[in-house]
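Read through the structure below, which is laid out as structure tokens, and then see the notes.
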There are 2 protein chains.
Amino acid sequence: MHHLAMDMDMDMNMDMGNPHHLLQFLHTTTTAATANNYYQDRALAAMNNHKEAEKRRRERINSHLDHLRTLLPCNSKTDKASLLAKVVERVKELKQQTSEITEMETLPSESDEITVLSTGGDCDGSLVFKASLCCEDRSDLIPELIEILNSLHLKTLKAEMATLGGRTRNVLLVAADKEHSIESIHFLQNSLKSLLDRSTSTDRSKRRRALDRRLLPLT
Amino acid sequence: MHHLAMDMDMDMNMDMGNPHHLLQFLHTTTTAATANNYYQDRALAAMNNHKEAEKRRRERINSHLDHLRTLLPCNSKTDKASLLAKVVERVKELKQQTSEITEMETLPSESDEITVLSTGGDCDGSLVFKASLCCEDRSDLIPELIEILNSLHLKTLKAEMATLGGRTRNVLLVAADKEHSIESIHFLQNSLKSLLDRSTSTDRSKRRRALDRRLLPLT
DNA sequence: ACGGACACGTGAGTC
DNA sequence: TGACTCACGTGTCCG
């Protein structure tokens, strides 16, 4: 490809920055066109592949950026850099808020609750989640809880239990496989939900008022 | 710049994809070097500026991306696209967590509370405040609340009430005249305080355990 | 004209 | 080898 003779009459007005023209030039001026065309065509095809793949990559990245723009307080004309700066701030902010708040929940409350949320940390490759279950106390709760954790292949890093006035709250720190982390969260959430439903089904009326929340338009 | 004669002896091994070489070539072969050098130098300088500015821009963006990598459960070798995908997920996740949590602020807690604070917003010239009252529920609470608001000439934009286990929380969005806004806040605060004192004086002992809430260091 | 921000095509590297 | 990501330099548009 190098040190080849160049025709004096050739038009130098071609765009030297665009290798396409170079390839075309080679394609039309080589004497032994039969053998070379094959490789040149393959090179062109590879180049087009590369070009379009790169375009798709850019679009993928930009689509995520656009998605982030909708999640943050900023319009569609904010810089990529500024956007990412805001994202960093927001993530830090939300991280701290949730960590502060979730530390308060150790004692059982009067309402049934389930929370499963990502701590963001990881334990040798596995994501760590914090699961909290607050409900009426009963003897088979712990065994069922363990059964759920085992069936979901979740490793329990830490378990905390508190009981007060017949009610109990269990706070678990569990590690989930990174690949199935999202599914694990939802499965765990649903499993705990059904676990809770099984206990509330007997005496639901008692706690129904917990959901009595009204919105009053005054003025 | 176009259609100029090319020396047959020149080394064609130069990188045609790099316009630097083209500029250098032009720079060294033009005959009327005096007039052209000025513009060529300026063009080169502009190009370098552009080049370095673009580099700085890339570095800015990438540094934010690296920062995000430290905030998320992922190593330094994860894709830009995958990283951003995870960021989107995380932001959504945290957003929902915090919104769930702040919704709990509308539920009555077990301790009596009064908060009156400025939202910073304004409604046709009047400042908007957010007032929250959490106490034992009783039938004459709402009438007395309305009486207070009327006597202070506060316009109620929005009222939200929740009851749980005999306790209630009222969150009000009120607009105060701009001139008397400071006095209005204090009056409202004092009025709510006396309103609360009237109810707590009868049965304070019952709720004392509600404040027994401990913070345990996890992790 | 100047700088900032963007999309693009391309060379280089990795797996 | 091909499929992939990245950094780079460039052309181009906008304020």
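Side chains are part of it too, since the values below use all heavy atoms of this structure and drop only hydrogens, waters and symmetry mates. Residue numbers start from 1 in every chain, and the chains themselves are labelled A, B, ... in the order their sequence lines are given, proteins ahead of strands.
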Using whole Å, report how far [atom1] of [X] lies from [atom2] of [N].
X     : N      : atom1 : atom2 : value
A/K77 : C/dA5  : NZ    : P     : 10 Å
B/D66 : D/dC6  : CG    : P     : 11 Å
A/N48 : D/dC4  : CG    : C1'   : 17 Å
A/I61 : D/dT5  : CD1   : P     : 8 Å
B/E54 : D/dT10 : CD    : C1'   : 9 Å
A/R57 : C/dG13 : CZ    : P     : 17 Å
B/L65 : D/dA7  : CG    : P     : 9 Å
A/R69 : C/dC6  : CZ    : C1'   : 11 Å

Exercise. Ion pair present between B/R90 and B/E93, side-chain N to carboxylate O less than 4.0 angstrom?
Worked result: yes

Side-chain N,O ([X]) to OP1/OP2 ([N]) below 4.0 Å:
X     : N     : answer
A/K55 : C/dA7 : no
B/R42 : C/dC2 : yes
A/K80 : C/dA7 : yes

Of the listed nucleotides [options], the one nearest the side chain of [X]:
X     : options               : answer
A/N49 : D/dA3, C/dA1, C/dA7   : D/dA3
B/R60 : C/dT10, C/dA5, C/dA1  : C/dA5
B/K51 : D/dT5, C/dA5, D/dT10  : D/dT10
A/M47 : C/dT10, D/dG11, D/dG9 : C/dT10

Problem set entry | Nearest-nucleotide 5' precedence on DNA chain D, B/E52 against B/T78 |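 Upstream on the strand: B/T78.
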
Exercise. Base, sugar-phosphate alone, or nothing: which one does A/R56 contact when heavy atoms must sit under 4.0 Å apart?
Worked result: nothing

Exercise. Can you find a donor-acceptor pair, distance only, under 3.5 Å between B/H50 side chain and C/dG3 base?
Worked result: no

Using atom types as modelled and distance alone, determine if a side-chain donor or acceptor of [X] lies under 3.5 Å from a backbone N or O of [Y].
X      : Y      : value
A/T168 : A/A162 : yes
A/R69  : A/T78  : yes
B/K95  : A/L71  : yes

Seminar exercise, completed: Value for CG (A/L133) from CG (A/L192), rounded to nearest 0.5 Å, stands at 5.5 Å

